[in-house]
Each structure stands twice: as C-alpha cells, then as structure tokens.
Amino acid sequence: MNEWNINTSLPIDYTIKISNDLFSVNNNDLLQTGEKKENMRRLIVIDKNVYELYSKKILNYFNHYDVKCSIVLLEGGEQNKNLDALMYLLSEIEKFGLLRRGEPIIAIGGGVVLDIVGQAASMFRRGVPYIRIPTTLLGIVDVSVAAKTGINFLERRNRIGSYYPPIAVYLDKIFIKTQNSLEISSGMGEILKMAIVKDNKLFELLETYGEELLETKFQHEISDEVIERSIIGMIEELEINLWEKNLKRLVDFGHSFSPIIEMRSINTENPLTHGQAVTLDVLYSCLISKSRGMLSSEEVKRIFATTKRLKLPLYHPLFGNSILLKESLSDTMKHRNGKQNLPIPVRIGKSIFINDFKYEELIQICEQLKEKNEK
Ligand SMILES: NC(=O)c1ccc[n+]([C@@H]2O[C@H](COP(=O)([O-])OP(=O)(O)OC[C@H]3O[C@@H](n4cnc5c(N)ncnc54)[C@H](O)[C@@H]3O)[C@@H](O)[C@H]2O)c1
C-alpha cells in the first residue's frame with residue numbers, strides 16, 4: 001500500500017446580521033462573537049476616515065463593555081489595497097500577540113479594509129477568525145456576503161487572495177450617512193448590477209426611488225428593502241457556489257471587461273470607482289444583449305435612464321478603447337479557466353451566459369456606447 005487519499009470537507013457557517021446602531025452601548029451584538037471572559041481584548045482594524053468620524057463612539061462602546069482594544073488604522077481606496085498594507089497589518093497582529101482562536105480581529109471599513117483584513121486573517125498562523133463591519137454601501141450589499149479576501153498586485157485587481165469567510169458580519173446602514181455621494185452612487189452600481197441580472201423588482205425599486213435613496217444617503221424608508229433584496233440575491237448566488245467550482249457566475253455580471261480598466265483609470269484625470277467601472281461593464285453587456293436581439297430598445301432605455309438617475313457614468317474614454325477591452329476580457333477569461341462565460345441579460349431580471357462573443361462585436365459596442373454618450 002503506497003497510496004493514501006485524504007478526503008475531508010470544511011464546514012462554513014457565518015451569520016450576516018443587520019444590527020442597527022451597532023456601536024450604541026445598548027447593543028451588545030458585536031461582543032456575542034468570540035470568547036467571553038474577563039480582561040477581554042480585541043484588535044480592531046479601522047479605515048482611517050471611519051476612525052476620524054466614529055472613533056469616539058467606537059472607543060466608548062468598547063470602554064463601556066470593559067474590552068481592552070488596540071487600534072490599527074488602514075487607508076481605504078483601491079491604491080492602498082496592496083502588499084505594503086498587508087505586511088504592515090500582519091506585523092501589527094504579531095505585535096498584539098493575537099490568540100489563535102478566541103480573539104477575532106474586528107475589521108471596520110469599506111471593501112478595501114475588509115479585504116486586506118480578511119487576507120491577513122487567512123495568512124496569520126494559517127488562519128485566525130475575523131469579523132466584518134462594512135461601513136460603505138458597497139461593503140454592506142456586496143462584501144458582506146462574500147467569502148473572498150484579497151489585495152491588488154502587479155496592477156491586477158485581487159490578484160492575490162483567498163477564500164476565507166469571516167465568522168460574523170454586522171450591518172449598520174447608519175455608516176452610509178457620512179459617505180460622500182460619489183461613493184454611495186458607486187455602491188448603487190453593484191445593486192443595479194444585481195437588479196438587472198436577476199431581480200426585476202429590485203430594478204423597479206431603483207427606477208422609482210433611486211434618486212431619493214441617493215439624496216437621503218440610504219436613510220429612506222425603502223432602503224431596507226433595497227439592501228435586503230441585494231443581500232438575498234447575493235446569498236442565493238454565493239451559498240451554492242462559495243468556492244467558485246462553477247465558473248458561470250451571475251454575480252460576475254459587470255466584472256468581465258471592467259477589472260483592468262478600473263485599475264488603469266486610477267492614475268488618470270478621470271479615475272473610476274469600483275461601482276462605476278462595474279456599471280459601465282453592465283451597460284456594455286446590455287448593449288451586447290440588445291444587438292443580439294434579446295433586451296428590447298425600451299428596456300435598454302430604462303436601464304440607461306436609471307443609471308443616469310443614480311448618478312452613475314454612462315461613458316468613460318477607456319470603455320471606448322476596444323484594444324483595452326479585449327485585453328481585459330482575455331485576462332478575465334484566464335480567471336474563468338479559458339471561457340468567456342459572459343452573463344448577459346435576456347430581459348431585466350433574467351440572464352444567460354454566452355461564450356461566442358467576437359472582437360468585431362466588441363468594436364461595434366464601443367462605437368454604440370460612444371454614440372449614446374455624444375447624443
Ligand atoms: N471580498 C469581496 O468579495 C468583495 C466584493 C465586492 C467588492 N470588494 C472590494 O471592495 C473594494 C471597494 O470597496 P469600497 O467601495 O467600500 O471602497 P473603499 O473601502 O476604498 O472605501 C471608499 C472610501 O470611503 C471611505 N469610507 C469608508 N466608510 C466610510 C464612511 N462610513 N463614511 C465616510 N467615508 C467612508 C474610505 O476611507 C474610502 O476613502 C474593492 O477593492 C473591491 O475589490 C470585495
């Protein structure tokens with residue numbers, strides 16, 4: 001006998017909980033996770049901007065519950081999601097002397113900080129627990145559900161990463177109040193994506209209330225329904241395919257042509273946020289659908305009008321560059337193991353995958369997007 005087979009599985013179990021006013025001293029949700037004992041300690045990794053805005057409340061909270069906390073600040077923004085930040089954080093975890101199991105790292109911030117913390121947690125002692133507290137709309141509706149972590153590397157988004165879910169996620173939409181309008185609109189790009197690819201009702205909500213949601217910074221009565229529908233949609237897609245064994249993923253809608261373009265735009269006069277880049281990819285995919293006789297002109301009109309109402313871009317010069325789009329799609333295809341697997345809506349809220357998209361079509365769609373912008 002000189003062959004052995006090891007066959008085991010990794011149970012995954014994490015809760016995503018809406019917990020309003022999470023840092024009110026009357027709310028002890030956050031301290032329900034991790035070991036409860038005297039002299040409790042926590043390592044708290046916070047986005048610098050969030051710390052400036054909320055430090056008093058957050059520190060007061062831990063003080064109230066007698067939890068000794070060490071704070072590590074990280075900067076948000078895509079350009080800061082890098083190896084330096086990851087290494088810095090790993091050294092801070094070492095300095096803190098983190099227990100292997102009972103002291104979950106608490107990550108508070110936008111998608112960038114949450115992804116760096118998740119990555120560090122997956123690597124430190126080959127894995128320590130962490131809790132996610134997203135403070136941006138995009139973090140609340142998207143990063144909250146995901147098992148993925150990562151950092152950018154060699155100008156490629158999330159080129160280094162892992163599947164390493166948190167042990168708990170707490171959502172408090174109050175944080176959105178202090179986000180600037182550009183970032184909120186960017187978060188709405190991911191919601192719009194979800195709506196077009198699989199949830200017609202969500203699209204109608206955005207069509208009707210999009211502007212008000214933006215103006216009230218999601219403190220509108222309809223915001224809970226919009227957030228919940230987005231999260232449920234994500235859970236439906238991710239839970240059955242958490243390790244991405246199946247590379248046909250509806251949630252990849254908006255992420256086929258955009259990744260390289262988003263990174264390239266960062267140091268230009270006109271940088272794209274993640275949600276903006278995703279939106280342009282969504283519009284691009286909708287035009288592919290229309291040119292193939294699937295989405296109607298009326299539906300495309302509604303999609304463009306809603307995008308505009310959400311203050312999301314309808315055009316960016318880099319999305320008019322067919323060579324760059326081709327490069328981006330080729331890179332995406334490596335991620336999809338050589339296949340295009342392009343999610344394309346057949347109507348609003350229902351999609352299919354295509355694998356026969358041609359370069360000539362790409363040039364045509366670039367022209368159409370440009371023309372729409374010039375009109
Ligand atoms: N892990 C996943 O599956 C997953 C899913 C989606 C997106 N992401 C990642 O998320 C990132 C984008 O996240 P993001 O849009 O939250 O960007 P971000 O984390 O860069 O935050 C955007 C800006 O908002 C600031 N900010 C954060 N919270 C704030 C608040 N409450 N008030 C005021 N300012 C605040 C930050 O300091 C930053 O300047 C991308 O790197 C993307 O890859 C990861």
Side-chain angles (χ1 to χ4, degrees), residues 10-16 45 47 74 76 78 80-83 85-86 89-90 104-124 126-154 156-171 186-187 189-191 193-194 197 230-256 258-260 262-263 273-275 277-278 281 331-332 334-337 341 343:
L10 181 64
I12 295 295
D13 181 354
Y14 58 102
T15 302
I16 302 152
V45 187
D47 176 298
L74 290 181
E78 212 51 52
N80 297 309
K81 192 171 151 179
N82 55 33
L83 214 45
L86 176 65
L89 178 55
L90 286 168
I105 302 172
I106 298 179
I108 310 174
V112 164
V113 167
L114 301 186
D115 271 1
I116 302 171
V117 175
Q119 183 59 39
S122 77
M123 295 165 79
F124 193 80
R126 301 193 179 91
V128 291
Y130 73 108
I131 295 171
R132 279 185 185 145
I133 302 174
T135 60
T136 59
L137 176 60
L138 186 124
I140 288 173
V141 296
D142 194 331
V143 192
S144 60
V145 182
K148 293 196 274 195
T149 76
I151 56 161
N152 302 327
F153 185 60
L154 299 178
R156 296 287 192 264
R157 292 190 70 248
N158 302 319
R159 189 43 55 96
I160 296 179
S162 50
Y163 293 89
Y164 194 71
I167 56 168
V169 186
Y170 296 101
L171 308 179
S186 174
E190 288 281 2
I191 303 179
K193 165 200 96 172
M194 210 59 184
V197 83
S230 309
I231 292 177
I232 291 167
M234 282 292 284
I235 294 176
E236 282 168 1
E237 295 304 311
L238 297 195
E239 194 177 20
I240 50 165
N241 189 23
L242 203 66
W243 314 117
E244 301 184 14
K245 289 266 187 290
N246 181 357
L247 294 174
K248 283 186 172 169
R249 296 177 358 113
L250 286 183
V251 288
D252 280 344
F253 187 45
H255 296 71
S256 303
S258 62
I260 288 197
E262 178 186 344
M263 292 303 286
T273 63
H274 181 64
V278 167
D281 186 318
D331 194 54
T332 296
K334 290 192 190 113
H335 200 59
R336 298 180 191 165
N337 202 34
N341 290 346

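Numbers here are sequence positions counted from 1.
- In this structure, the side chain of Tyr130 engages the main chain of Tyr164 through a donor-acceptor pair within 3.5 Å.
- Atom CD of Glu236 is separated from atom CG of Leu250 by 10.5 Å, given to the nearest 0.5 angstrom.
- Under the rule for a side chain to side chain donor-acceptor pair (under 3.5 Å), the partners of Asp331 that lie at least two apart in sequence or sit in another chain are Arg159.
- In this structure, Met194 and Val251 have side chains that are in contact, with non-hydrogen atoms separated by less than 4.5 Å.
- A 6.0 Å sphere centred on CG of Asn246 holds more than 12 heavy atoms belonging to other residues, nucleotides or ligands.
- In terms of the side chain to side chain donor-acceptor pair (under 3.5 Å) criterion, residue partners of Ser162 (sequence neighbours excluded) are, by chain and number, Gln119, Ser122, Thr149.
- The closest side-chain heavy-atom distance from Leu86 to Phe153 is not below 4.5 Å.
- Listed here is the closest heavy atom pair of Thr136 and Gly111: OG1-N, 4.1 Å.
- Two residues are said to be in side-chain contact when any heavy atoms from C-beta on lie closer than 4.5 Å; Asp252 and Arg336 meet this criterion.
- Shown here for Val141 and Met234, the closest heavy-atom pair between the two residues is O-CG, 3.6 Å.
- Shortest non-hydrogen contact noted between Leu114 and Ile108 is CD2-N, 4.3 Å.
- Using a 4.5 Å cut-off on side-chain heavy atoms (C-beta onward), Ile105 and Leu89 make no contact.
- The two residues Tyr14 and Ile167 have their closest heavy-atom pair at CB-O, 3.7 Å.
- Residues Ile191 and Leu137 form a side-chain contact, since some pair of their non-hydrogen atoms from C-beta on lies under 4.5 Å apart.
- Residues in residues 129-142 take part in no salt bridge (charged side-chain N to carboxylate O under 4.0 Å, His left out) pair, two or more places apart or across chains.
- Tyr163 places none of its side-chain heavy atoms less than 4.5 Å from the side chain of Leu242.
- The side chain to side chain donor-acceptor pair (under 3.5 Å) check on Lys81 picks up Asp115, Asn158, with sequence neighbours excluded.
- With contacts defined as side-chain heavy-atom distances shorter than 4.5 Å, the pair His255/Glu262 does not qualify.
- A donor-acceptor contact under 3.5 angstrom links the side chains of His274 and Arg157, judged on distance only.
- Between Asp281 and Ser258 the shortest heavy-atom distance is OD2-N, 2.9 Å.
- Smallest separation of non-hydrogen atoms from Asn80 and Ile116: O-CD1, 3.6 Å.
- Considering only residues two or more places apart in sequence or on other chains, Ser186 meets the side chain to side chain donor-acceptor pair (under 3.5 Å) condition with Thr273.
- Residues forming a salt bridge (charged side-chain N to carboxylate O under 4.0 Å, His left out) with Glu237 (at least two apart in sequence, or on another chain): Lys198.
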